[in-house]
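Contents: one structure, followed by commentary.
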Amino acid sequence: MLHFALLFPLVVVVAMIALAVARRGPFRALHISSAAAASAEATNRRLRLRLRNVGAIAATVACATLLTVAGLIGSITTERQEPLDALHLLLLTPILTAVTAVAFFAFLPAFPEESASRTADLTRRTPLTFGPRSVFVAPVAAAALLAFLIVLLGAVADPDGRMLSYSPDVAKMGGGGGTFPGLVYGIPLLVGMVLLAGVLIVALKRIASAPRPTDASLREADSTVRLLGIRVVTKTATSALLVTAGSLCILAGNTAESINRGTSVDGRGNPIPADATMQAIGTLGTIALWLGVALVAAAIAFVVGAIGDATRKPFEIAPVAEVLA
Amino acid sequence: MITIDESDPTPPFGQIRRQLADEIRVGNLAPGHKLPSVRQLAGDLRLAAGTVARAYSELEADGLLESNRTGTRVKQIDAFPTQAREAARAYIASLNGLTLEDAIRAVRAEWKTTEEAATR
């Protein structure tokens, strides 16, 4: 279980290294009136500090706490833990970390304004007002993939919902089994996924409907800040869902491959020919392992994107000539 | 666009109510138009959410808005007759610096005089 426990921290560490070496300029160059420039710069500074600090603290605390608890429970006892065991916590760690991060990233700092004028548009702002539809496709697709995997693996697992075992009928010996992410692990993940979806929807609505600046020249800067916020929460949620899906695939693939290896010798250690079912289990296990690795790699890409968007300067105030060019 | 005028003695919920009612009656907000959420409008106008909620609920009572789980929308109403709007536009053009309140007071007084003359 140790290698499995290291999977999520590995994603975070790789993302941090990628960010440390990446060049990150401001997201956009905007022309802002000189009267509003001070307000824009103040928001730039506040946003960067707040998102970077809150995001990093929330993700680190949640991840560290849950992994520590899971590790302690797993190391103290060898008995089966009910209702949640160490593997439950390890599988839920990315989703719970994402829930925490998304909840914090939903709070965008307002543009400080000294104007006494108070005006409002009569149009409802939605997440689609600021972010292109493509931004929202990734979390939906990742959620659909994870739900499909949970249902599929739940159907394949043994009736106890936490193991997969196979014994060849002819030999009546050999065979094998191991921990498998059946519905015992899948149902808490589904609950976690619903929780993450709810928090994500609330966060997106909050980002879209937060108060907008009265000064018209700050509107584009305001839209940029909101777009970055939307990108951060959607990428965070997507990465959590993908790393969870990848973990399920790796766990299932590992168990399937071990079954195939276990049935290749009889009780006396003599090789026995693998039957068609064993071969199929072995092949599917290999495919699942590689799919899991690909999903974890995709999750790393999304984590890098999310942290990159959260820590970069949203905009810089450009000279008029540069904007026109 | 809604604007809160600090110098207007009308309380903010009254200003929102009046401006929204005008926008709906002149047809600037079409039937079915989805209004901003109470939280969004209150945030933009730097008011308490209860102030905007009160304006919305009074406009609902006036039959101009309808709310359901998806939000608050403009209700189907009979807009001001074109003839009345054209007459109002001509009247505004002839005011020569009178305030809106004075103009409305003058219309109300003349309306009363005309009604009294008609009943005699």
Side-chain angles (χ1 to χ4, degrees), chain A residues 36 39-40 42-43 46-47 50 103 105-131 197-227 229-230 233, chain B residues 1-8 10-56 59-60 64-75 77:
Chain A
S39 169
T43 302
R46 288 168 61 188
L47 183 78
R50 187 168 179 168
F105 280 125
F107 293 93
L108 289 181
F111 284 77
E113 285 190 290
E114 293 174 1
S115 165
S117 167
R118 291 191 284 174
T119 63
D121 294 323
L122 290 173
T123 309
R124 178 175 285 234
R125 295 190 292 269
T126 69
L128 286 170
T129 311
F130 303 100
V199 171
L200 180 62
I201 289 168
V202 170
L204 288 171
K205 281 187 175 177
R206 189 175 176 86
I207 289 170
S209 66
R212 62 123 174 80
T214 304
D215 191 320
S217 72
L218 286 172
R219 297 286 166 78
E220 204 176 343
D222 175 58
S223 296
T224 303
V225 169
R226 289 177 203 261
L227 172 60
I230 288 169
V233 295
Chain B
M1 178 81 84
I2 296 274
T3 304
I4 298 297
D5 184 356
E6 301 283 354
S7 60
D8 190 335
T10 310
F13 89 87
Q15 293 186 41
I16 297 170
R17 178 184 176 184
R18 186 182 64 211
Q19 289 177 51
L20 263 175
D22 289 348
E23 293 282 328
I24 294 166
R25 289 203 175 100
V26 300
N28 287 344
L29 295 177
H33 176 87
K34 201 170 183 180
L35 288 173
S37 65
V38 166
R39 190 180 159 274
Q40 178 187 318
L41 196 55
D44 289 354
L45 294 172
R46 283 174 262 156
L47 294 169
T51 305
V52 176
R54 183 175 174 190
Y56 275 14
L59 286 165
E60 270 184 62
L64 297 177
L65 299 180
E66 56 188 350
S67 295
N68 55 28
R69 282 189 305 169
T70 60
T72 305
R73 291 174 186 276
V74 174
K75 215 169 167 181
I77 59 151

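A note on names: the letters A, B, ... follow the listed sequences, proteins ahead of strands, and every chain is numbered from 1.
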**Q.** Contact residues of residues 10-32 of chain B (partner chain A; heavy-atom separation under 4.5 angstrom)
**A.** B:Leu20, B:Glu23, B:Leu29
Q. Has the side chain of B:Gln40 got a donor or acceptor atom that lies under 3.5 Å from a matching backbone atom of A:Thr123?
A. yes
Q. Minimum heavy-atom separation for B:Ser37 to A:Ser209, with atom names?
A. OG-CB, 4.5 Å
Q: Measure distances from A:Thr126 to the heavy atoms of chain B and classify the residue's part below 4.5 Å as side chain, backbone, both or neither.
A: neither
Q) Knowing that exactly one of B:Thr3, B:Ile2, B:Asp5, B:Leu47 qualifies, which makes a side chain to side chain contact (heavy atoms under 4.5 Å, CB included) with A:Arg118? A) B:Leu47
(Q) Can you list everything that forms a salt bridge (charged side-chain N to carboxylate O under 4.0 Å, His left out) with B:Arg39? Sequence neighbours excluded, please. (A) none
Q: Count the heavy atoms belonging to other residues, nucleotides or ligands that lie under 6.0 Å from NZ of A:Lys205, then report whether that count exceeds 12.
A: no
Q.
Using every non-hydrogen atom in the two residues, find where A:Arg212 and B:Asp44 come nearest and quote the distance to one decimal.
A. N-OD1, 2.9 Å
**Q.** Approximate separation, where rounding is to 0.5 Å, of B:Met1 CE and A:Leu122 CG
**A.** 8.5 Å
